Amino acid sequence: MIFNKKNKVAFFTLGCKLNFAETSTIARSFEEKGFQRVSFDKKADIYVINSCSVTESANKKSRQAIKKAIKKSPDSLIAVIGCYAQLKPDELAKIQGVDIILCEKEKFNLIKYIENIEKQEVTQIQTCEVENIEHFEPAFSFGDRTRSFLKVQDGCDYKCSYCTIPLARGKSRNDNIQKTIEQAEKISEQGIKEIILTGVNIGDFGKSTNESFYDLITELNKVENIERYRISSIEPNLLTDEIIEFVSESRKFAPHFHIPLQSGSDKILGLMQRQYKRELFEHRIKKIKSLMPYAAIGVDVIVGFPGETEFDFIDTYQFLEKLDISYLHVFSYSERENTKAVEIKGKVKQADITYRSKKMHFLSNKKKNQFYTKNLNTKRAVLFEAYNSNGKMYGFTDNYIKIETNFNKKITNKILLVKLKEISYSGNVQIY
């Protein structure tokens, strides 16, 4: 079978918002060439899996998606891109039915590899060394007409002892501000109201162009027709007071921050080779809340890192418990090959990791409920989504509270000021 522009193509994305932005951009390149895009659960001639490898669970989910596509259509072409494809192409090639595996540098050229290729017995692997990648590939998601993920940065120069992302993505790099603004303007032309700035380490923006993340957000603030921006995960050492103050004064940048802590123990932060101590993290939270009392603050935390004793875990738990934060993203430590953490003594038993994860999830639910309750009877700006779910529609406030109300087509893709009434049984907030 020859694969050409008349074929149907389906995409499946795992992992971060950055992956979703890149999948969307790659998919548009196919559509521009005449391919028909279909959903992943439909019969397609070509299946593209944009993989993730941040944990072993992510690897497993990537393999499951690949095998699902092969089972659905054994004669279809299967292409794998993303971090798993970069880190372990030979492992993926062992899955019978995978046709093409592309490295980080080549994934945006996928269509060139696929056009007029024949399905073969031997997997085609295109490898590359990420440390040699200098070029930045712009990307943004499009499809959900209310919001878009805009890739502003890629790669990471940090050496966290548990992380393989620098091995999969390469060094920190970005387009200059002017080119990034051009991408934002393209998004605005689609009628999209909200942009989420995403990347591997977005606070590092500007290192490759002699600019700064602060410079970027001040210019993005001037783009017409984009009503709201969100800053995705940003390192606490890169979230400066200057950035916080700018957001507090901006009418477009949402009072919503997601800041990775990973551990509230300075001892564990040292073993992780993080760039800060918890005192700095606490300062950032207090600075945000002093200027934006109703700001949403999400926090990443890893439980079960090698060397984490029960005392260290309790230290982290109590530190988070007293902070004025809104929710947690809890990760159970997953051992990754080629990382320094593998060599750290004091492995934590799986039963202890499971217990600590559950306890952190309970704390997250408690924090979220407290934050939602604090916001009841206040007025917030909500961007309503077009999706109709059994007569209900949803949206998010500027400070990231999920709103639930009866479906009304007239208010889709609009930002309206509403008063928050009560928390529903589903955990969302209803409005007056």
Side-chain angles (χ1 to χ4, degrees), residues 13-23 26 49-63 66 79-95 98 100-110 123 125-137 139 151-174 198-205 207-208 232-235 237-238 260 262 269-275 300 302 304-306 331-344:
T13 308
L14 296 109
C16 60
K17 296 173 182 177
L18 178 56
N19 269 8
F20 281 89
E22 293 181 335
T23 295
I26 294 168
I49 294 87
N50 192 354
S51 64
C52 176
S53 191
V54 69
T55 63
E56 182 54 42
S57 176
N59 283 358
K60 182 179 179 180
K61 289 178 181 178
S62 297
R63 294 192 298 270
I66 294 165
V80 187
I81 59 176
C83 292
Y84 195 3
Q86 173 64 40
L87 292 171
K88 293 189 174 183
D90 294 333
E91 184 173 294
L92 288 169
K94 292 178 182 178
I95 301 175
V98 173
I100 299 176
I101 299 171
L102 295 184
C103 68
E104 176 70 15
K105 186 177 180 180
E106 294 299 321
K107 64 186 176 186
F108 284 92
N109 297 322
L110 175 61
T123 305
I125 302 176
Q126 184 66 42
T127 61
C128 61
E129 299 297 327
V130 291
E131 58 264 29
N132 297 327
I133 300 176
E134 301 283 347
H135 181 63
F136 177 84
E137 290 283 355
K151 174 184 174 183
V152 300
Q153 183 272 343
D154 201 352
C156 186
D157 293 340
Y158 288 0
K159 304 296 181 184
C160 300
S161 62
Y162 54 83
C163 187
T164 59
I165 300 305
L167 301 177
R169 287 276 183 175
K171 62 185 178 182
S172 181
R173 57 197 185 277
N174 55 269
T198 187
V200 177
N201 188 2
I202 65 171
D204 218 22
F205 176 92
K207 180 176 284 189
S208 60
S232 65
S233 183
I234 182 169
E235 293 288 312
N237 53 299
L238 298 175
Q262 312 305 17
L269 288 174
L271 291 174
M272 289 178 169
Q273 296 185 184
R274 299 292 285 165
Q275 305 288 315
D300 289 340
I302 297 173
F305 188 79
F331 299 88
S332 295
Y333 171 72
S334 177
E335 190 172 275
R336 316 306 292 142
E337 293 179 16
N338 301 314
T339 61
K340 291 183 179 180
V342 174
E343 303 170 1
I344 298 175

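These numbers come from a predicted model, not from an experiment. If you read the sequence from its start, that first residue is 1, and numbering goes on from there.
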Chemist: Mind checking what makes side chain to side chain contact (heavy atoms under 4.5 Å, CB included) contact with Ser62, not counting sequence neighbours?
Modeler: Leu14, Ser51, Tyr84

Chemist: Would Arg336 and Glu56 satisfy salt bridge (Lys or Arg N to Asp or Glu O under 4.0 Å), going step by step from the backbone distance to the final call?
Modeler: CA-CA 8 Å; Arg336 316 306 292 142; Glu56 182 54 42; 3.6 Å; yes

Chemist: Indicate the atoms forming the closest heavy-atom contact of Thr127 with Cys103, along with that distance.
Modeler: C-SG, 3.6 Å

Chemist: Is a salt bridge present between Lys107 and Glu137, judged by a nitrogen-to-oxygen distance below 4.0 Å?
Modeler: no

Chemist: Between Arg173 and Phe136, which heavy-atom pair has the shortest distance, and what is it?
Modeler: O-CD1, 3.6 Å

Chemist: Restricting to non-hydrogen atoms, name the atom on Phe108 and the atom on Ile26 that form the minimum distance, rounded to 0.1 Å.
Modeler: CD2-CG1, 3.9 Å

Chemist: What pair of heavy atoms forms the shortest contact from Pro306 to Ala341, and how long is it?
Modeler: CG-O, 3.8 Å

Chemist: Using a cut-off of 6.0 Å, state whether more than 12 heavy atoms not belonging to Lys88 lie near its atom NZ.
Modeler: yes

Chemist: For the residue pair Ser208 / Asn174, report whether a side-chain donor-acceptor contact shorter than 3.5 Å exists.
Modeler: yes

Chemist: Could you report the tightest heavy-atom contact between Asp204 and Ser172, atom names first, then the distance?
Modeler: OD2-OG, 3.2 Å

Chemist: Identify the heavy atoms of Lys171 and Glu134 that sit nearest to each other, and give their distance.
Modeler: NZ-OE2, 2.7 Å

Chemist: Mind checking side chain to side chain contact (heavy atoms under 4.5 Å, CB included) for Lys60 and listing every partner two or more places apart, or none if nothing turns up?
Modeler: Arg63, Gln64

